[in-house]
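In what follows, a single structure is set out as structure tokens and then discussed.
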Amino acid sequence: MKILMTLMGLDIGGAETHVVELSKELKTRGHEVIVVSNGGVYEEELTSSGIKCYHAPLHKRSISLMKEAYKRLDEIIATEKPDIVHAHARIPAFLCGKLKEKYDFRFVTTAHWVFKVNAILKKLTNWGEKCLAVSDDIKTYLIDNYGIDKNNIFVTVNGIDTNKFHPTNMGINICDEFGIDDRLPIVVYVSRLDEDRSLVAKQLIKASVDIRSKRKNVQFVIVGGGNDFDNVKALVDEANEKLGEKYIYLTGPRSDINNIVAIADVFVGVSRSALEAMSAGKLVILGGNEGYLGIFDESKLAKAKESNFCLRGCQMPNEELIRDDITRALDLSNQERSNIEAFGRDLILKDYSVKKMVDDYIRCYNSL
């Protein structure tokens with residue numbers, strides 16, 4: 001098949017990584033993949049894999065930019081003549097839906113998250129002939145809010161590159177780059193630091209003061225960028241100054257997450273980042289803006305899977321929960337830690353690999 005992927009951009013983010021891994025594996029399986037977006041840091045990874053990339057301003061709900069993007073997509077579709085057009089966000093889906101009226105292609109969308117719903121936004125939303133949802137609760141959201149036939153929705157996963165995120169990765173040069181002592185415990189947190197994503201980062205910073213005052217050797221690494229970065233940085237600077245030493249390291253946005261995750265003794269986060277840490281054989285504490293589950297083990301699996309490890313419907317996080325779970329994680333015996341880490345890695349290999357994800361997509365495409 002010839003498949004045209006459209007998404008807002010290719011900068012750091014869960015949906016963006018999802019599309020990159022999907023596109024590379026489809027290419028490996030012999031399909032021709034073309035990607036249209038506003039560009040970003042992951043574009044080089046796609047082009048080096050032999051995937052053609054086009055630019056179109058699909059990243060903003062601006063009438064002038066959307067007109068420009070529509071014209072650009074029109075040109076690309078007329079030239080490339082794809083069998084399937086696959087949209088990964090509301091703006092690309094709306095524009096591609098309009099172009100389907102003009103061209104003979106099959107139209108698929110992926111719902112990566114639950115979005116605000118109102119009468120106007122419903123009119124701007126097109127979920128395609130078939131739709132993929134990355135969790136069961138998103139499937140329910142599509143049925144309840146948009147009336148999509150359940151038979152037209154395929155549930156998939158955020159597929160993880162299990163070779164890239166592997167327990168043998170040692171995170172070469174990361175500790176040297178930031179002056180981190182790799183002989184001492186390291187807690188790593190990864191997320192976009194936007195206002196709607198940074199709650200746990202802030203709570204972790206505040207909890208770290210108490211943890212560090214009792215455990216002088218624990219170090220914290222916070223990874224990410226976004227519109228709340230300056231506020232997070234202010235809290236980091238305040239905490240480091242309060243204890244009179246640098247023990248929290250703020251990296252900003254990074255694309256080498258596999259190497260940063262590799263240095264973690266404990267990982268804090270949700271969604272794709274948490275799955276990547278499990279694939280790397282790390283002990284994971286699940287916590288994000290939408291909920292909190294704590295130290296992940298087999299007893300938490302069913303609840304975590306409902307929302308694709310985003311924890312919608314779980315209790316909300318707070319400093320005390322984070323502090324107590326990090327302390328418990330650091331106090332686990334080697335055997336207890338090993339069992340938890342092995343369970344996480346096995347889970348990813350079995351249910352959350354890129355291969356599993358692409359099998360789901362091929363099944364959806366073939367249904368058309």
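This structure is a prediction, so every number in the text was calculated from the model and none was measured.
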Is the number of heavy atoms from other residues, nucleotides or ligands within 6.0 Å of [atom1] ([X]) greater than 12?
X: Glu75; atom1: CD; result: yes
X: Glu245; atom1: CD; result: yes
X: Glu320; atom1: CD; result: yes
X: Lys206; atom1: NZ; result: no
X: Arg363; atom1: CZ; result: yes

Single-linkage hydrophobic cluster [X]~[Y], side-chain heavy atoms < 4.5 angstrom:
X: Ile3; Y: Leu132; answer: yes
X: Ile153; Y: Val358; answer: no
X: Val268; Y: Ile260; answer: no
X: Ile160; Y: Ile12; answer: yes

Distance-only donor-acceptor hits, side chain of residues 231-239, under 3.5 Å, sequence neighbours excluded:
{"from": "Asn231", "atom 1": "ND2", "to": "Asp228", "atom 2": "OD1", "distance (Å)": "2.6"}
{"from": "Lys233", "atom 1": "NZ", "to": "Asp237", "atom 2": "OD2", "distance (Å)": "2.9"}

Would you say the side chains of [X] and [Y] form a donor-acceptor pair under 3.5 Å?
X: Lys130; Y: Asn152; result: yes
X: Glu336; Y: Ser333; result: yes
X: Asn259; Y: Asn169; result: yes
X: Ser208; Y: Tyr247; result: yes
X: His88; Y: Glu16; result: no
X: Ser279; Y: Arg345; result: yes

Could you tell me whether [X] and [Y] make a salt bridge, using a distance below 4.0 angstrom between a side-chain N and a carboxylate O?
X: Asp346; Y: Lys350; value: no
X: Lys355; Y: Glu25; value: no
X: Lys24; Y: Glu45; value: yes
X: Arg72; Y: Glu68; value: no
X: Asp325; Y: Arg328; value: yes

Does the structure place the NZ or CZ of Lys100 under 6.0 Å from the centre of the six-membered ring of Phe105, at an angle of no more than 45° from the ring's axis?
yes
May I ask you to check if Arg197 and Trp113 form a cation-pi contact, with NZ or CZ under 6.0 angstrom from the six-membered ring centre and within 45° of the axis?
yes
Non-hydrogen side-chain atoms of [X] and [Y] separated by less than 4.5 Å:
X: Met5; Y: Val36; result: no
X: Val35; Y: Lys52; result: no
X: Asp11; Y: Tyr42; result: no
X: Leu10; Y: Val41; result: no
X: Leu58; Y: Tyr70; result: no
X: Leu301; Y: Lys305; result: yes
X: Leu283; Y: Phe267; result: no
X: Ser307; Y: Asp137; result: yes

Under 3.5 Å, side chain of [X] to main-chain N/O of [Y], donor-acceptor pair present?
X: Arg312; Y: Ile138; answer: no
X: Ser198; Y: Leu193; answer: no
X: Thr47; Y: Glu44; answer: yes
X: Asn126; Y: Gly128; answer: yes

Minimum heavy-atom distance between [X] and [Y], given as atom pair plus value:
X: Val157; Y: Asp360; result: N-OD2, 4.2 Å
X: Tyr292; Y: Leu321; result: OH-O, 3.3 Å
X: His55; Y: Gly39; result: NE2-CA, 3.9 Å
X: Cys96; Y: Phe107; result: CB-CE1, 3.7 Å
X: Asp182; Y: Ile186; result: CA-CD1, 4.3 Å
X: Ala133; Y: Lys139; result: CB-N, 3.8 Å

Looking at CG of Leu7 and OG of Ser37, how far apart are the two atoms once the value is rounded to the nearest 0.5 Å?
5.0 Å
Look up atom OG1 in Thr251 and atom CD1 in Ile257, then write down how far apart they are to the nearest 0.5 Å.
7.0 Å
With sequence neighbours left out, what residues match [X] under side chain to side chain donor-acceptor pair (under 3.5 Å)?
X: Lys2; result: Glu80
X: Gln203; result: none
X: His18; result: Asn158, Tyr361

Quiz: residues 142-150 side-chain donor-acceptor pairs under 3.5 angstrom, not counting sequence neighbours:
{"from": "Asn145", "atom 1": "ND2", "to": "Tyr141", "atom 2": "O", "distance (Å)": "3.0"}
{"from": "Tyr146", "atom 1": "OH", "to": "Arg90", "atom 2": "NH2", "distance (Å)": "3.1"}
{"from": "Asp149", "atom 1": "OD1", "to": "Asn151", "atom 2": "N", "distance (Å)": "2.8"}
{"from": "Asp149", "atom 1": "OD1", "to": "Asn151", "atom 2": "ND2", "distance (Å)": "3.3"}

Before you tell me yes or no, could you show the steps for Phe220 and Ile211 under side-chain contact (heavy atoms from CB on, under 4.5 Å), namely the whole-Å CA-CA distance, both residues' side-chain angles and the distance that decides it to 0.1 Å?
CA-CA 10 Å; Phe220 295 81; Ile211 295 169; 4.1 Å; yes
Given Leu332, Thr327, Val284, Val187, the one that forms side chain to side chain contact (heavy atoms under 4.5 Å, CB included) with Val266
Val187
What residue among Lys67, Lys102, Lys98 forms salt bridge (charged side-chain N to carboxylate O under 4.0 Å, His left out) with Asp74?
Lys102
Stepwise ring-ring contact (aromatic ring centres under 6.0 Å, His included) check, Tyr365 with His86
CA-CA 10 Å; Tyr365 295 157; His86 191 150; 5.7 Å; yes
Would you mind listing the cluster partners of Leu199? Hydrophobic ones only (ILVMFWY), side-chain contacts under 4.5 Å, chaining allowed.
Met316
Which is it for Ile180 and Val221 under the side-chain contact (heavy atoms from CB on, under 4.5 Å) test, yes or no, and what are the steps along the way?
CA-CA 9 Å; Ile180 301 167; Val221 180; 3.6 Å; yes
What verdict does the ring-ring contact (aromatic ring centres under 6.0 Å, His included) test give for Phe309 and Tyr352, after you've listed the backbone C-alpha separation in whole Å, the side-chain angles of each residue and the deciding distance to 0.1 Å?
CA-CA 11 Å; Phe309 289 79; Tyr352 289 88; 5.6 Å; yes
Run the side-chain hydrogen bond (donor to acceptor under 3.5 Å, both in side chains) test on Ser135 and Asn308 for me, step by step, so that the C-alpha distance in whole Å, both residues' side-chain angles and the decisive distance to 0.1 Å come before the verdict.
CA-CA 5 Å; Ser135 64; Asn308 190 36; 5.6 Å; no
